[in-house]
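This report refers to the structure that appears directly beneath it.
All figures in this text were calculated on a predicted structure; none of them were measured in a lab. Computed from heavy atoms alone, side chains included, the values below leave out hydrogens, waters and symmetry copies. Just so we're on the same page: letters track the sequence lines, and every chain starts at 1.
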Amino acid sequence: MSQGLPSSLEDMLTGLNEKQREAVTAAPGPILVWAGPGSGKTRVLTYRVAYLIAAHDVPPWRILAVTFTNKAAREMRERLENLLGVKASGLTVGTFHAFCARMLRQEPAYHPFTERFVIADAEDQRRLVKQAMEDLRISDTFYPVRQVHAAISRAKNAGQWPDDFPENDLRNRTIKQVYRRYQELLLASRALDFDDLLLWAVRLLEEHPGLRRKYSERYQHILVDEFQDTNALQYHLVKLLAQEHRNIFVVGDMDQSIYRWRGADYRNLERFQRDFPEARIIPLEENYRSTQYILDAAMGVIRPLHKKPKRLYTRRGQGRKVVVKRVRDTYQEATFVVETILEMVRTGQAQLGDFAIMYRTNAQSRVMEDRFLEYRIPYRLVGAQRFYGRREVKDLLAYLRLLYNPADESSLLRIINVPPRGIGMKTLAALRTQAQRMGLSAGELLLDLAAHPETYASTFNRRVFNVLKHFADQLASWQAAMTRLSPLDLLDRILHDIEYKTFLRETSRHPEEAETRWENVMELRRLVAEYPPSALEQFLEDVALMSDQDTLEEGDAPTLLTLHAAKGLEFPVVFIVGLVEGLLPHARSTEDIEALDEERRLFYVGITRAKDRLFLVVPETRWSFGTYEPLNPSRFLKDLPPEAVSGDLEKLFPHLKKKKKRRRAAAKGASSTSPGESTRPAPRYREGMRVRHARWGLGTVVSVEEAGGDQILMVAFDTGTTKPLLASMAPLEIVG
DNA sequence: GCGTGGGAGACATGT
DNA sequence: TCTCCCACGC
C-alpha cells in the first residue's frame, strides 16, 4: 500500500509510534482515536488526511476535516501543502460553524435567508431577544434577557425548533413565544445566529434527501477533531453525512471535555460507538509533551473521575516538580508571575514567548496586564472579543455588514446615527414604521429612497426626509461602489465620507483615547487589507466566526489566556493563577456535580498544556466589589500527589495527610469535599424526601448515593428536570 | 435631537 | 471597576 508514497510521507510514517501509525494507516471505515493530552493527535489527524490522499488516491475535495478553530484548520492546510504540495488543494477544512455557513450559502434555494445572510454576533442576539420580549410585552424583571437567550440557545443546540420547545410550565411557554419571535426577527434581518448555522444545515440535510446524497457523496471521508466537545447537532450532522460511506475518523478525549455548558456532550463518543459498531478504537497513550511530574499532577487531578487510575507516561524524564505558590492577593500573584518570568529569562531557562498565564475568567487578566505594563514586558492577550468587541471596530463592521445585507437591522440601528446625523428616536421611529408598512427593512427602504426620492417626499415631513435622504444617498453610493472596490477601499471610502477620525477626536475624552481608538481602526484596516476585491462576504464571515485562539499570533511574548482558550495549545512554562474556591471551581459550578467535574477537567486541561514547568498560584485574598475577600485554596489542589509538588501545598492543607485515606475511598465527584470544610453540616437525605432548591424550586429525591461522608442526590424537580446534586454544596432544604 | 452625569448592575467559560 | 441606561437641560 505504501508503495509510491511521496518520500516526505514515508519519512513521516517512520517518525510515528506504533499506535499513531496504526491510526494513520488504518483501512478506511469508522475509526475512533482515543487521544490523551500531548499524544500527537494533531499530527495523526494531518497525516491521516495525507495518507488518504497519497496512499488511497482519495481526491482531496472528497475529504472534510472538522477542526475546533480556524487557526487549527489553517495549520492543517499548511502542513498538508508542505507534505503533498498542490495535491492538498480542494480539501475542505474548517470548523463546524464555517462548514455549515458555507453550505447554507451554496444552497440558498433550500432556506429563506438567501445567500447574502449575516451572522448575528452575541450582542445582536441579545438585542433581538430583547426586542422579541418587548414585542411580546414580556418584562425582563422575571425573564432576564441573558437567561432567555441561554434557554433558546440550549434548545437549538439540542436540535429543537420553536415548535419542539417544551410548554410544560409557564416559564417554558413564555420562552417558547420569545424563541418564535426571535426567529422571526432574525429572518427579517436575514441573519442567522451561531446555533442557527448548525440547526439549518442539519434541517436541510434531513429534509432533502437529494441534498443529503449530494453532500455525503461529495465528502466520502470525514475527520473530526476534539470530538468530545461536539454537541447534539454537530453529531447529527456528522452522522447524516457519514452514514452512507462510513469513512469517519474521530479523535477525542473525554477528560478534555470542557464545553458541556455550551451544549457539548461527550456521550457522543458513546453514541458514535453505537451508531458505528464496527468502529476500530485506537488509543494513543504516550505523552510527548510534558515531563513526568507534570503528568503525575495531571493524573492526580483527573483520578477521581475514573474508576481505574488513568495512566499518562512520557519518556521525557521526571523534570522539575510542579510549584504550588501561595501569595497574599491577586496583586502579589501578578508580581510572582512577572518576576518568575524575568528570572527565568535572565538565567536563560526560557524565552518570553515560552510562557503562558492561564486563568478561569477573563476578568482576571486585568491585574496581570497591569503588572506586565508596569514591568514593561510585552504580552499577547488571547481573546477575539478584546478587539472585535471595541466600539469603533463594531461600528465600522456594522457599516460593512449593512452594505452587504441591507436587511441587517442590528447593524443599521447601530450606525444610523454614528456619527450623529440628526436621526434620533423620532426620525428612526418614522422610518421603521414606514418600512414596516411597506414590508421592507429600514435599510432597504433607505436604498429605495435614494433611488426614488420623489416617492417619499410626502411620506415623511421635510426635516425627516432631508436627514434620511442624506444618509440614504451615502448608503446608495457606497453600495454602488461595493462591487468594484476591495473591502479595504470600501472601508476607506466610508471612513472618509463619515469623517470618522474627526468623530473619534470629538467624542474622546483625551487625545490618547482618540489615538487608541484610531489605532484600532488602523488595525481593522490591516485585517481587511488581506481580502481581495469581492471578498467582503468572506471577511465578514471570518470575523463573525473568529475564535479566541484565532487571534493568537506568533511572537516573543508571554501569552495571557483563559483555560478554555488554552485547549489544544502547549507552552514550555505554564502558570495557572487564581486557584481558589469560587474561581476554580467557579462559584456557579459548585452545586452541580457534572459542572464540578467539568471544572476539574478544565484544570486538567490547563495542567497538561505545560511541557517543562508548571506553576500553580493560590492567592489568599482578592479585591472584590470594594473589599478584600478572603479566599480558600481550590479543592482540586488536594488531589495533587505531594511527591510531584514543591512549594506551599502543605501550608495550604495542613491536615492533608490525615484525610488522604478518606479521599481515596470517596466516589467520583465527591472525592475532595472533606465534610469539615463544607459551609454547613449537610442534612441526611433519603429517597422520596421533598426538597426545595434555591434555583429549581420544589422536587423529590429519587436516589441517594453515599460518597465519602457526603451524599450524591438525584432530584426530580417539579419543573420536569432531574439534576444530580451534592448534598453538602447544593442550596437545598428539606420541606414538609 | 443630543450630550452629560449619576445610579445601578455586573464577572463564567465562547462559536 | 466598567458599562449601560435613564433623566434632564440646552
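- The CD atom of A:Glu369 sits 15 Å away from the P atom of C:dT1 (whole-angstrom rounding).
- At least one side-chain nitrogen or oxygen of A:Asn362 sits closer than 4.0 Å to the OP1 or OP2 atom of B:dT13.
- The shortest distance between the side-chain N/O atoms of A:Arg390 and the OP1/OP2 oxygens of C:dT3 is not below 4.0 Å.
- Using a 4.0 Å cut-off, no side-chain N or O of A:Arg421 falls inside it from OP1 or OP2 of B:dG1.
- The interatomic distance linking A:Arg154 (CZ) with B:dG14 (P) rounds to 18 Å, in whole Å.
- The same atom, C1', is picked in C:dC4 and in B:dT13; the two are 23 Å apart, to the nearest Å.
- Interatomic distance, CG of A:Leu186 versus CG of A:Asp124, reported as 9.0 Å (0.5 Å rounding).
- Taken from CZ in A:Arg146 to OG in A:Ser153, the straight-line distance is 12.0 Å, to the nearest 0.5 Å.
- A:Leu631 places its CG atom 20 Å from the P atom of B:dC11, with the value rounded to the nearest Å.
- Taking atom NZ on A:Lys71 and atom P on B:dT15, their separation rounds to 13 Å, with Å as the unit.
- Taking atom CD1 of A:Ile152 as the reference point, atom P of B:dT15 lies 21 Å away to the nearest angstrom.
- In this structure, the nucleotide among B:dG1, B:dC2, B:dC11 sitting nearest to the side chain of A:Lys426 is B:dG1.
- Salt bridge annotation for A:Arg328-A:Glu333: absent, with no cationic side-chain nitrogen under 4.0 angstrom from a carboxylate oxygen.
- Between C:dC5 and A:Lys130, a contact under 4.0 Å exists linking OP1 or OP2 to a side-chain N or O.
- With centres under 5.5 Å and a plane angle under 30°, the ring of A:Trp261 is stacked against the base of B:dT13.
- Taking 4.0 angstrom as the limit, A:Thr427 places a side-chain polar atom (N or O) nearer than this to OP1 or OP2 of B:dG1.
- The CZ-P distance, from A:Phe68 to B:dT15, rounds to 8 Å in whole Å.
- The side chain of A:Ala363 lies closest to B:dC11 when the candidates are B:dG3, B:dC11, B:dT15.
- A:Asp255 CG to A:Ile302 CD1: the interatomic distance, rounded to the nearest 0.5 Å, is 4.0 Å.
- In the model, A:Glu599 has a side-chain atom that pairs as donor or acceptor with a side-chain atom of A:Ser589 under 3.5 Å.
- Between B:dT15 and A:Ser547, a contact under 4.0 Å exists linking OP1 or OP2 to a side-chain N or O.
- Remark: C1' of B:dG1 and CG of A:Asn417 are 8 Å apart, rounded to the nearest angstrom.
- No hydrogens or angles considered: nothing links the side chains of A:Asp408 and A:Ser189 as a donor-acceptor pair under 3.5 Å.
- Each of A:Ala595 and A:Val464 lies near DNA chain B, and the nucleotide nearest A:Val464 is the one positioned closer to the 5' end.
- Heavy-atom distances to DNA chain B give each of A:Ser589 and A:Thr95 a nearest nucleotide, and the one nearer the 5′ end belongs to A:Ser589.
- Protein atom CZ of A:Arg126 is 13 Å distant from nucleotide atom C1' of B:dC11, rounded to whole Å.
- Within the 4.0 angstrom heavy-atom criterion, no nucleotide atom of any strand lies near A:Gln125.
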